[in-house]
Every structure is written in structure tokens, then in C-alpha cells.
Enquirer: 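For reference, the structure I am asking about is given below.
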Amino acid sequence: MEEAKVLEAKEGTISVASASPGHQEAVQDRDNKFLTQAIGEAYKGVECKDGRPFGAVVVRDDEVIVSCHNMVLRNTDPTAHAEVTAIRETCKKLNRIELSDCEMYASCEPCPMCFGAIHLSRIKKLVYGAKAEAAVAIGFDSFIADALRGTGFYQNANLEIKQADGTVAVIAEQVFEKTKEKFTLY
């Protein structure tokens, strides 16, 4: 085995090159394999009329746990995106909500809702294929790409957003304090 080479040493931080010259290529091949499966799911979802052209695969220890596609049309559920569906199915299969030992491969850059679900499930790695602009180019709402890029405003969604005030707002905030002893977070 070839030794690691120090590229830079600065103030206690050391950057090293991979000990194996083919390591990056192996990682890329692995990522491409699972991403190709997610892309296949995107086609499958459209062909069977379950949803839009998005697919996702969740992997743990080089094993596919679930392979899903967008189910928005089939489930009549605007939240049944491929990534959310994959997270839901993985959590059911593993019987837990924390997926920090899992990776996700998505055919397209996740929307803010899906990214939120990925973050909340603690998935450790996300690899995606197409940028959100590819979906926008065929007619998907540009709000998603704008939100990802920080270029849009929530007002563009024609949705009024406001926080309640008065007693009801205080009561809503108190639910967190009053229930914190009844659950544990990660």
C-alpha cells in the first residue's frame, strides 16, 4: 500500500492525499452505481404514472435499503416526493427515525422540503444528479430552485405567512416547555 502524502501542514491542521490512488475513482464508481439506480426509479415513477421524474435510493453499508420514486400522483399527496418516500420507507424498515448510518442518492437536487427531511433524519451523505434548474426547465415551479439558491422570496408562492399573536401564540410556545420531559431527541 502506498503511503499518504502530506499536502499542507498549517497551524495544527494537516491535509493529506489519499493513501490509495484509486480511492476517489472507487468512491465515484460506487456513487454512480447508486445514483444510476435512483435515476432508474425516476423513469419508473413516470412510466407507471405514480408521479413525477424523481427517484431516490437509501443505502447502508453498501446495501440498498430502499429504492423509491415520486408517489405524488398515486398517493394524491404533494409531500410524497421520492426523497421523503424513501425516508419514510427506510424508517419503517429499520424501525427508527435516525438514519445517521445511511446515505441517500437522489436523481435531482432535493427541494427544501426534502432537504429538511434528509437533515431531520440525520442521513450522513447525499449525492444527487441533476440540479433543480433541470426540473424548472421543463415546467416545475421555480420557487424550489429559488429557495435553494436564496434568489426568491416566499411571497412569490402566493401564500400569506404570519405568526399568530396574543394568548394563542404563548400557548403554542408553551407546548414545547410542557412536553420536553416526555421525549428524547437524538
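We're numbering straight along the sequence, starting at 1. Nothing here was measured: the structure is a model prediction, and the numbers come from that model. Heavy atoms only: backbone and side chains are in, while hydrogens, waters and symmetry mates are out.
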Enquirer: Between R30 and V59, which heavy-atom pair has the shortest distance, and what is it?
Expert: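 For R30 and V59, the tightest heavy-atom pair comes out as NH2-CG1, 3.9 Å.
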
Enquirer: Rounded to the nearest 0.5 Å, what separation is found between the CG atom of N70 and the CD atom of E41?
Expert: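 With rounding to 0.5 Å, CG (N70) is 11.0 Å from CD (E41).
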
Enquirer: Would a 4.5 Å heavy-atom cut-off, applied to side chains only, mark D31 and K125 as touching?
Expert: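 In short, these two side chains touch, coming nearer than 4.5 Å.
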
Enquirer: Please round to the nearest 0.5 Å and tell me the distance separating atom CG of L120 and atom CZ of F115.
Expert: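 The CG atom of L120 sits 9.5 Å away from the CZ atom of F115.
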
Enquirer: In Å and rounded to the nearest 0.5 Å, what is the CD to OG distance from E83 to S107?
Expert: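 One gets 7.0 Å once the value is rounded to the nearest 0.5 Å.
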
Enquirer: Linking I/L/V/M/F/W/Y whenever any side-chain heavy atoms sit under 4.5 Å apart, do V127 and I39 land together?
Expert: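 The answer is yes; both residues are in one hydrophobic cluster.
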
Enquirer: Quick one: are L73 and K49 in side-chain contact, heavy atoms under 4.5 Å?
Expert: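 L73 vs K49: side chains apart.
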
Enquirer: So do M113 and V84 actually touch side chain to side chain, heavy atoms under 4.5 Å?
Expert: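 Yes, at least one pair of side-chain atoms sits under 4.5 Å.
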
Enquirer: Which pair of non-hydrogen atoms, one from D77 and one from R88, has the smallest distance, and what is that distance?
Expert: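 Looking at all heavy atoms of both residues, the closest pair is OD2-NH1, 3.7 Å.
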
Enquirer: Can you check whether L94 reaches C102 side chain to side chain, under 4.5 Å on heavy atoms?
Expert: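 Contact flag for L94/C102 side chains = yes.
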
Enquirer: Which atom pair, heavy atoms only, marks the closest approach of M104 to I118?
Expert: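 Taking M104 first and I118 second, the nearest heavy atoms are SD-CD1, 3.7 Å.
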
Enquirer: I need the minimum non-hydrogen distance between A42 and G55, along with the two atoms involved.
Expert: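 Shortest heavy-atom separation between A42 and G55 comes out as CB-N, 3.7 Å.
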
Enquirer: Report, as yes or no, whether the 6.0 Å neighbourhood of atom CZ on R74 holds more than 12 heavy atoms from other residues, nucleotides or ligands.
Expert: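 Open.
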
Enquirer: So if you build clusters from Ile, Leu, Val, Met, Phe, Trp, Tyr with side-chain heavy-atom gaps below 4.5 Å, do V64 and L35 land together?
Expert: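 Shared cluster, yes.
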
Enquirer: Under a 4.5 Å cut-off applied to non-hydrogen side-chain atoms, are K93 and V58 in contact?
Expert: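 In short, these two side chains do not touch, never coming nearer than 4.5 Å.
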
Enquirer: Can you name the nearest heavy-atom pair linking S67 to Q37, along with the distance?
Expert: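 Closest approach of S67 to Q37, heavy atoms only: OG-NE2, 3.4 Å.
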
Enquirer: Taking atom CD1 of I65 and atom CG of L99, what is their separation to the nearest 0.5 Å?
Expert: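 Reported value, rounded in 0.5 Å steps: 9.5 Å.
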
Enquirer: Side-chain heavy atoms under 4.5 angstrom apart, residues restricted to Ile, Leu, Val, Met, Phe, Trp, Tyr: same cluster for Y43 and Y128?
Expert: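 No: no chain of side-chain contacts under 4.5 Å links Y43 to Y128.
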
Enquirer: Which distance, rounded to the nearest 0.5 Å, do you find between the CG of L126 and the CD of E109?
Expert: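 Atom-to-atom, L126:CG and E109:CD are 9.0 Å apart.
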
Enquirer: Decide yes or no for H119 and R122: does some side-chain heavy atom of the first lie under 4.5 Å from some side-chain heavy atom of the second?
Expert: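 Yes - at least one pair of side-chain heavy atoms lies under 4.5 Å apart.
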
Enquirer: On a heavy-atom basis, which atom in C68 and which in A86 lie closest, and how many Å separate them?
Expert: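 Looking at all heavy atoms of both residues, the shortest contact is SG-CA, 3.7 Å.
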
Enquirer: How many angstroms lie between atom NE2 of H69 and atom CG of D50, to the nearest 0.5 angstrom?
Expert: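 If we round to the nearest 0.5 Å, H69:NE2 and D50:CG are 3.5 Å apart.
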
Enquirer: Would you indicate whether the side-chain heavy atoms of T85 and V66 approach each other to under 4.5 Å?
Expert: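 Heavy-atom side-chain distance check fails, nothing below 4.5 Å.
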
Enquirer: Parallel, tilted or perpendicular: which one describes the rings of F54 and H81, with boundaries at 30° and 60°?
Expert: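 Answer is parallel, since the angle falls under 30°.
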
